[in-house]
Amino acid sequence: MAKNAEIARALKELALLVEIEGKEKYAARAYKRAVRSITSLGEDIEAVANREELESIPGIGKGISKKIRRYLETGSIPLLERLRARIPVKVMVLDSIPGVGPKTIALLYHELGVTDLDSLEKAARDGKIALLKGMGKKTETQIIEGIDLVRSGLDRTLLADAMSVVETIRQKIQNVDGVNQVVIAGSYRRRRETVGDLDFLVDADDPELVMEAFSTLDNVQDVLVKGPTKTAVRLKSSLQMDLRVIPTESFGAGLQYFTGSVDHNVRLRGIARSMGLKLNEYGLYRDEELVAGEREEDIYESLGLAWITPELRENHGEIDAVKNGTLPHLVKLDDIRGDLHSHTDQSDGSNTIEEMLDAAAEREHEYFCVSDHTQSLTIANGMDEERLLERIEEIDTLNTSGKWDMMILKGAEVDILADGTLDITDDVLAQLDVVTVSVHSRMKDSKKVMTERVCTALENKHVHLLGHPTGRLIGKRAEFEIDLEPVFEVAKKNQVAMELNANPYRLDLNPGNLRAAINMDLKIAINTDAHKVSELDYMKFGIFQARRGWITKSDVLNTMALKDLQKWLKK
Ligand SMILES: [Zn+2]
Ligand SMILES: [Zn+2]
């Protein structure tokens, strides 16, 4: 489905440019609607186009389907090219700044000539933005903070965004004649939250064939380097990929070297030196003699270590742990028995409860918790007590229907109010199986206020989980100020688990905080927080992050069998 993201991106840029030009407001809305349908489309758009069924997708009429076909044929849309020439504004990057949308971009462009991050930053630092109608000093400060956030993520791509594209390419290279193996090393293999350039390592009989296949992939924008053993390309999505063909006898050493991290590798080279050996990307050597190189496992073994899973290679204690035999057995996707946080169209989800349950059952969950928002989150159509009570009855009926071979747990994602109280009364909370509490408002509270606020919420005896504990959105919103140590202590005292929210933009808690939480014997719930059926697949990103946080199966609440979980929930 590599083309879906590309086309959605092109149409989004089209919508922004049309809106900034200000002539055809209707058209901008239509493009945006098409972007939404393509983003949630469950299949490859190219396959839909081949069946001549583009116009059956909601929001895609004749005009847009023609543009999509044009894109599929030529890699661009003529109208988009013309608009780019007319309006030289980097709309996609400006639009990614929190609080900056098309209206603001248009204003900044027409009034101040802002076209990119640099000219925006200059205008903000010169105090010119605050003087514009409807903007003010506060917005200007927000924009400056937003620029930093966007800059820090600009040359990085969310792992989840890279993954579908990159795995398709990996498969294509794997299918080239004479290719023995293809591994994507680097931060991708370590399952970092975001990835920079991607490092493809290939063991192949005929390097030339591989280089040719790689440089002529249909989503390549530029070929940056093309040599006998290394080729580098930039994709249309701006992702950069390097491919190296490595001799079979050095493949394991290359894999070890290019997987990193730098700090982990420095430690390994130190160990090698202390043993009178030399480790580099070609192998582990004693003088000129190759000791190990073909298999990564052999490199570790020859250094007196067991193989270390890539997610742990950050030099955060993994080498000492493997020496002492205390390396944890990390949680796996297979260990997960259910999901404790999801939304339906009763609040801000896109699917009905039945659709969500069907999809959860397909994923062979033993239990599934439906946890829509509560009343103070009005923009998400949060539920009040009356609606929650109806929901409880509805779930009782669904459970007795026997339609799903899975326990449906009654839940809610309850808002933590400004003073730390909850927006649902205790007698209703008492009737739910799983009560998750989350902060969705006043995220700029001071550290002291936020910490007290969350601790107060966790003191409520009906609470089971703290949802997305630091509120961050990777590349979009920083963590809010909170002191997690006292929060963990209160959670421990009241038997509240911490969520690891598996949404790839959240991945909250982060690995360092996860380790701190399990060191205090807290349970972790790895939840998708799915707002639509397809987002149930976010679980794997939660697992990657959990492994980076040294989480084992026994640390995780939703690896428990239903009976044990129910016992735990009763406190
Ligand atoms: Zn939430
Ligand atoms: Zn949620």
Side-chain angles (χ1 to χ4, degrees), residues 40 98 160 338-353 355-357 359-360 365 367-384 387-388 391 395 408-418 420 422-424 429 432-445 450 453-454 457-458 460 463-474 476-480 482 487 491 496-510 513 524-539 541-542 545 557-558:
S40 58
D339 194 339
L340 300 177
H341 183 170
S342 71
H343 297 269
T344 72
D345 60 1
Q346 273 291 313
S347 64
D348 58 349
S350 321
N351 290 97
T352 63
I353 186 167
E355 287 165 344
M356 292 301 278
L357 294 173
H365 284 330
Y367 43 84
F368 185 74
C369 178
V370 181
S371 52
D372 275 305
H373 290 291
T374 52
Q375 53 189 333
S376 48
L377 209 59
T378 45
I379 54 160
N381 187 27
M383 301 172 116
D384 57 14
R387 282 172 63 205
L388 255 175
R391 174 41 75 81
I395 292 180
I408 309 159
L409 297 171
K410 294 165 267 191
E413 183 179 13
V414 183
D415 252 57
I416 301 177
L417 300 173
L422 304 178
D423 72 340
I424 295 294
L429 293 181
L432 294 169
D433 299 314
V434 184
V435 174
T436 295
V437 292
S438 302
V439 170
H440 291 120
S441 60
R442 303 179 64 96
M443 295 197 206
K444 297 247 187 284
D445 275 352
M450 184 63 91
R453 187 179 161 195
V454 171
L458 301 193
N460 182 308
V463 172
H464 300 104
L465 291 178
L466 176 61
H468 43 72
T470 71
R472 70 164 176 176
L473 294 174
I474 296 168
K476 294 181 175 178
R477 185 171 74 208
E479 296 180 353
F480 47 63
I482 186 165
V487 171
V496 174
M498 289 298 120
E499 179 174 76
L500 162 49
N501 192 297
N503 181 307
Y505 279 101
R506 291 192 181 271
L507 297 174
D508 182 5
L509 296 169
N510 70 28
N513 289 332
I524 306 295
I526 308 176
N527 294 332
T528 64
D529 194 2
H531 283 67
K532 56 184 171 203
V533 161
S534 59
E535 291 179 359
L536 290 174
D537 291 331
Y538 284 167
M539 190 59 84
F541 300 106
Q545 184 80 333
L557 196 59
N558 47 326

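Atom set for the values below is all heavy atoms of this structure, side chains included, hydrogens, waters and symmetry mates excluded. Just so we're clear, the structure is a prediction, and the values are computed from it rather than from any experiment. In listed order, ligands and their atoms are each counted from 1.
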Lys NZ or Arg CZ of K476 over Y505 ring: under 6.0 Å, within 45°: yes
Can you check the number of protein N/O/S atoms within less than 2.8 Å of the Zn ion (ligand 1)? 3
Centroid-to-centroid, H440 to H468, below 6.0 Å? yes
Could you report the tightest heavy-atom contact between T528 and H341, atom names first, then the distance? OG1-O, 3.7 Å
Does the pair H365 and D339 meet the rule for a side chain to side chain donor-acceptor pair (under 3.5 Å), with working shown? CA-CA 7 Å; H365 284 330; D339 194 339; 4.7 Å; no
Would you check, one step at a time, whether the test side chain to side chain donor-acceptor pair (under 3.5 Å) holds for R391 with Q346? CA-CA 9 Å; R391 174 41 75 81; Q346 273 291 313; 5.0 Å; no
Side chain to side chain, V414 and L429, heavy atoms closer than 4.5 Å: yes
